[in-house]
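Along the sequence shown, residues are numbered consecutively beginning with 1.
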Amino acid sequence: IRVWTKSKALLSSVKKINNGDNIWFQYPPYIFSPIFVIVEKILKKKHCKLFFIVHDIESLRFENIMKKDIVILNCADKIIAHTDNMIKILKEHGLKKNIEPMYLFPYLTDDEYDLEEEVIKRKDTVAFAGNLAKSEFITSLLNMDFNYIKFRFYGLECNLNFNKEK
């Protein structure tokens, strides 16, 4: 597995790929889009199959660039996305390629949970779901004295030192 972060490194690595190889890319590729289109054409000439694992669609937050995402994703032979909802949105914006869900982040749990009506009534609880390792504010937050608010954290704990509920 190779991870390319620089366009020049990507172009030089493409030369080493054999004809007919299966090539997996994370999406978004975090490389300059025109470079990626060039790489895609080179790989297609080598009869390589392109696969994307989509972990984020940044243009969902910036509607005007969704067309660029769709152009790149339509280069793939197959796409794997997180959920059916992500697939639906991509198809609504013009995705034509074979795509299937992997259900990577359904946030299902066997833990007991409160009914939605009960949660909505509660005014003393804050829930945070996400990448807790990137959420540096949590450590500071937990050092503050909130005697009337409960926090519930959902996600990977990594090296943070706290209980899931405080």
If you look at every heavy atom in P101 and T83, which pair is closest and at what distance? CB-C, 4.1 Å
Straight-line distance of L90 CG to I99 CD1, nearest 0.5 Å: 5.0 Å
Any donor and acceptor pair, going by atom type alone, linking the side chain of H93 with main-chain N or O of K67 inside 3.5 Å? no
I need the minimum non-hydrogen distance between C48 and I23, along with the two atoms involved. CB-CG1, 4.1 Å
NE2-CD1 distance between H55 and I57, expressed to the nearest 0.5 angstrom: 9.0 Å
Using 30° and 60° as the class boundaries, would you call the ring planes of W24 and F51 parallel, tilted or perpendicular? parallel
I need the minimum non-hydrogen distance between N74 and K97, along with the two atoms involved. O-CE, 2.6 Å
In this structure, CD1 of I80 is separated from CG of N98 (nearest 0.5 Å) by 9.5 Å
Rounded at 0.5 Å granularity, tell me how far CG in N22 sits from NZ in K78. 11.0 Å
To the nearest 0.5 Å, atom CG of L50 lies from atom CG of L43 at 5.5 Å
Would you say Y27 and I72 make side-chain contact, with heavy atoms under 4.5 Å? yes
Could you list all the salt bridge (charged side-chain N to carboxylate O under 4.0 Å, His left out) pairs where at least one residue sits in residues 38-55, not counting sequence neighbours? K44-D77
Residues in side-chain hydrogen bond (donor to acceptor under 3.5 Å, both in side chains) with K91, at least two apart? none
Can you give me the closest heavy-atom contact between L95 and I70, atom names plus distance? N-CG2, 3.9 Å
Single-linkage hydrophobic cluster, 4.5 Å side-chain cutoff, V71 and F52 together: no
Listing request: all salt bridge (charged side-chain N to carboxylate O under 4.0 Å, His left out) pairs with a residue in residues 19-29, at least two apart in sequence or in separate chains. none
Salt bridge (charged side-chain N to carboxylate O under 4.0 Å, His left out) partners for K88, two or more places apart: E92
